[in-house]
Amino acid sequence: MSDDDLEIRSVASDDELEAVKNLYLTQKGLLGFLPDGAFQQRAYSGQILVAWVEGEAAGYVLFATNQRYEVRIAHLCVSSEHRNQKIAKHLIASLVRLHPTYSRIRLNCRADYDAARIWPRLGFSELNRFPGKKLDGSELIAFGLAINETPLFDSLDESEEVVTVVCDTMVCIDIEDDNRPHHKLSNGLRADWLVDQINLRVTSEIFADLGRQDEPLRTDMTSAVKSGWDQVAADHLEVEQQLQEIRQIMGDPRDASCASDQRHLAIAAATEAAAFVTRDEEVLEFREQILSSTGLRIISPSEFITEYDSVLNSHRYQYRELTRSGIERSRVVRIDEFDLQLFINQDGGEGLRTFRAELSGMLAEPREWEIYRISSRTNENVALLVVRVLKDGVRELHRLRLNRNFVGTRFGRVLGEYLADQPLGAWRSGERRVVRTTDPWPSPLVLGACSRRGWSEADGSTWRLSLPGRWSKDALDAELASLQDSDVVPLEVIKPIRELVKLDHSTVGNEPATQRLEHLIHPGKVDFGQLPTWVIPIQPRWAQELFDFRLWDFPLFDPETALVINPDSVYYKRPRNSPTASFGRILWYVSGDAEKGGGRIRACSAVTRRVTGSVKNLFREFQRFGVYEWRHLMDHFGSPDAEGLAIEFTSTELFENPVTLDDVNDVLEKHGMRRQIFASAIAIPDAAFHEIYSQSTRNET
């Protein structure tokens, strides 16, 4: 077989997916159980690559991605007729090409499988070994193939998070008893490819449930749980608070079994579990309301296996944690304003007395040093930032610390994302800036967020550029060359950005590269390339919660910082007249009374994903962004089964000069469009976007 005979692409039809599943059935014993829904979900997400030889499926790779910028392989399968034809090598190469900004490809393989000797020949290195969780599972080997060999990604390995998934009593029994009809499906939670990403746990309430079972099940299962299952631990007061919320939704329990169900849920919510897995239809009936109220995702075993990547990613960030907290940044004038003990790195040997003296010395030089405290309504000690002001627009983050009590909490994870996206609250200041972190003990949580927010590592620091304004290709390359020649920014940071600039951005298929470039110079925009742009109308109440706090009716933030809480967010609408790609720009037209900020385009965001589906499924996947509650979607769509569209967006830039409806329509007419009232989303030409954008910003390049 020659390379010309081979075509590798994503699944494009139901017939092609059926060919993949037929190939899977030939090797199901080695690959392990995977429900049909998981194949459909991966195909829908473009996460099954198939190698076609003369119209026949010769092999496939089924994968997912996570917030650690890893590509995780669940299946790599090659038909027996096409072995020794380098099919696997070509599939892996395609994965690498599709994910150039990811850290690595990773997978688990049993040590007693022949494949354990094949992965090294495909370029993979052994990362570590650990025991399998299934009864017949031997030792597992974790293999990795680096895609983006940067120290920033390497540093994340030290703090890899394995999330907690709580099983109810029946699912636990299903897993332990291989004679039960649901054993195969529930035991999929212990699949080799999933085992190092989740910790399966139970709550203490399981023993009350088992006490109501008949013998010998009661004794056998009690012994199995005590010897083979760990229990989650939760604060009693937090459990009682969560229990009150759950009972408001489900009502008072009618019997002891219902009471146990509610306590299971309350304990799981109190421990911030990624999910509660159950087959109980009475519990599943309330899952949207409980998710909206407590942040706990309730899901069946088959759904978990099908949607595990969105479940795990959802767990990490519940942005409601910040929207409820009233985050504020203020300049520190006295060291005794807050408790420094909460911010020192004791494990690294950092002493309180030395830290206090260092900060006191910095306060004595206010032209060179700025110290900020981030606080909330309930806590004055949320985070600490120490900024050194250098020449040439460089800002050095000498300390970027979270209150150590937030490490490992959902609030802490969201705060890390927020700080990585807005380290100085100044991306929208109009000033060109270079920000670098030089904290000798950076938080792995913040480093992980930086890896997702366009930071690069070089010379022992992490770096971020802010180049506001509209850039031509020549002007941007000249600006980057100037930064490189001046030694302000290391070559390792500048070179990848200049390589992106040099691409032919007018070529169809390079739109994601154009968006990646704008991400790296945010809030800058490039006037070369063909990124689709949509003007989307939004009501003021949602605009203020999603991105524009200038519209709030009460002062929540320091007016000088105009901090935006959630760097990522999602907007729900009906699929008609909507963005058609998972990349591009959104211009937000805020409707309503002009005296209250309406009737203007007020902000610009980058589209990162678009997903269609039933409203209930969209809510489960995107509820982590926390602005919309279940009742809001029901008010808008009317039915949980209605077809909806979720538009995920990030990198929002608030316009200093919001553009009025009349001015926008003048621009559209100039570019051959009719005047609009923006009752629905409207696609506009690239040239029209740049003219509107130029009017909206005071500092143009």
Side-chain angles (χ1 to χ4, degrees), residues 1-66 70-99 102 105-110 113-115 118-119 122 124 143 145 184-185 187-189 191-194 197 301-311 582 609 611-613 617 621:
M1 182 197 76
S2 68
D3 290 351
D4 293 338
D5 297 326
L6 178 67
E7 180 185 12
I8 295 179
R9 54 180 169 78
S10 300
V11 171
S13 68
D14 290 342
D15 288 342
E16 291 186 358
L17 180 58
E18 196 63 31
V20 168
K21 290 193 286 187
N22 288 336
L23 182 53
Y24 157 72
L25 291 175
T26 67
Q27 299 179 42
K28 183 177 178 180
L30 292 175
L31 295 170
F33 175 75
L34 194 70
D36 281 352
F39 279 100
Q40 293 168 354
Q41 176 68 20
R42 294 287 154 261
Y44 182 79
S45 302
Q47 294 177 335
I48 304 178
L49 291 181
V50 188
W52 299 96
V53 177
E54 297 181 351
E56 180 183 355
Y60 74 90
V61 59
L62 184 148
F63 62 96
T65 58
N66 61 27
E70 290 179 332
V71 179
R72 296 292 299 240
I73 293 178
H75 290 175
L76 180 65
C77 178
V78 177
S79 70
S80 57
E81 295 84 0
H82 293 90
R83 300 279 170 81
N84 302 315
Q85 296 180 5
K86 300 184 178 179
I87 299 293
K89 181 178 180 181
H90 285 292
L91 286 168
I92 296 300
S94 294
L95 270 186
V96 172
R97 285 194 299 271
L98 283 174
H99 300 87
Y102 277 65
I105 302 172
R106 180 167 169 157
L107 61 102
N108 299 329
C109 179
R110 281 177 46 158
Y113 282 0
D114 291 340
I118 296 174
W119 290 110
L122 294 174
F124 285 76
F143 287 103
L145 174 66
K184 182 182 294 185
L185 183 55
N187 202 44
L189 296 169
D192 292 340
W193 56 272
L194 189 56
Q197 298 184 74
S302 62
E303 289 173 326
F304 183 92
I305 297 167
T306 297
E307 304 172 16
Y308 85 97
D309 56 334
S310 64
V311 174
S582 289
R609 195 175 174 207
V611 179
T612 57
N617 288 336
E621 182 163 359

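Remark: Ser94 pairs with Arg97 by the side-chain hydrogen bond (donor to acceptor under 3.5 Å, both in side chains) rule, at least two apart or across chains. Here Arg9 pairs with Glu7, Glu16 under the salt bridge (charged side-chain N to carboxylate O under 4.0 Å, His left out) rule; sequence neighbours left out. In terms of the side-chain hydrogen bond (donor to acceptor under 3.5 Å, both in side chains) criterion, residue partners of Asp114 (sequence neighbours excluded) are, by chain and number, Arg117. Evaluation of the ring-ring contact (aromatic ring centres under 6.0 Å, His included) rule for Tyr24 yields Phe39, His75 as partners, not counting sequence neighbours. Residues passing the side-chain hydrogen bond (donor to acceptor under 3.5 Å, both in side chains) test with Asn617, sequence neighbours excluded: Ser614, Arg620.
Inter-residue side-chain proximity for Leu194 and Gln197 is flagged as met; some heavy-atom pair is nearer than 4.5 Å. Residues Leu122 and Leu145 are not in side-chain contact: their nearest non-hydrogen atoms beyond the backbone lie 4.5 Å or more apart. In this structure, the side chains of Leu98 and Val71 stay at 4.5 Å or more apart for every pair of heavy atoms. Using a 4.5 Å heavy-atom cutoff, the side chains of Leu31 and Cys77 are in contact. Considering only heavy atoms from C-beta on, Leu6 comes within 4.5 Å of Ile87 through its side chain. By the 4.5 Å heavy-atom criterion applied to side chains, Lys28 and Phe33 are counted as neighbours. Side chains of Leu91 and Phe63 form no contact here, defined as non-hydrogen atoms less than 4.5 Å apart.
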- request: Determine, stepwise, if the pair Ile92 / Trp119 fulfils side-chain contact (heavy atoms from CB on, under 4.5 Å).
  value: CA-CA 11 Å; Ile92 296 300; Trp119 290 110; 4.2 Å; yes

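For Gly29 against Tyr113, the heavy-atom pair with the smallest separation is O-OH, 4.1 Å. Contact detail for Ile305 and Pro35: the closest heavy-atom pair is CG2-CD, 3.7 Å. Closest approach of His82 and Ser79 over heavy atoms only: ND1-OG, 2.8 Å. Looking at every heavy atom in both residues, Val611 comes nearest to Arg609 through CG2-NE, 3.5 Å. For Leu23 against Ala57, the heavy-atom pair with the smallest separation is CD2-O, 3.9 Å.
Each of Asn108, Leu107, Asp309, Ile105 was evaluated against Arg72; a single residue qualifies, Asn108, per the side chain to side chain contact (heavy atoms under 4.5 Å, CB included) test.
Counting only residues at least two apart or on different chains, no side-chain hydrogen bond (donor to acceptor under 3.5 Å, both in side chains) pair has a member in residues 48-59.
Under a 3.5 Å cut-off, the side chain of Gln47 and the backbone N or O of Gln41 do not form any donor-acceptor pair. Panel note: side chain Arg42, backbone Ala64; no donor-acceptor pair is recorded below 3.5 Å.
If you take CD1 on Ile48 and CD on Gln40, they are separated by 9.5 Å, rounding to the nearest 0.5 Å. Between Leu62 atom CG and Leu49 atom CG the span is 9.5 Å, to the nearest 0.5 Å. Considering OH of Tyr60 and CG of Leu17, their distance stands at 10.0 Å, rounded to 0.5 Å. Going from atom CD1 of Ile118 over to atom CZ of Phe143 covers 10.0 Å, rounded to the nearest 0.5 Å. To the nearest 0.5 Å, atoms CD1 (Ile73) and CZ (Phe124) are separated by 4.5 Å. If you take CG on Asp192 and CZ on Arg110, they are separated by 6.0 Å, rounding to the nearest 0.5 Å.
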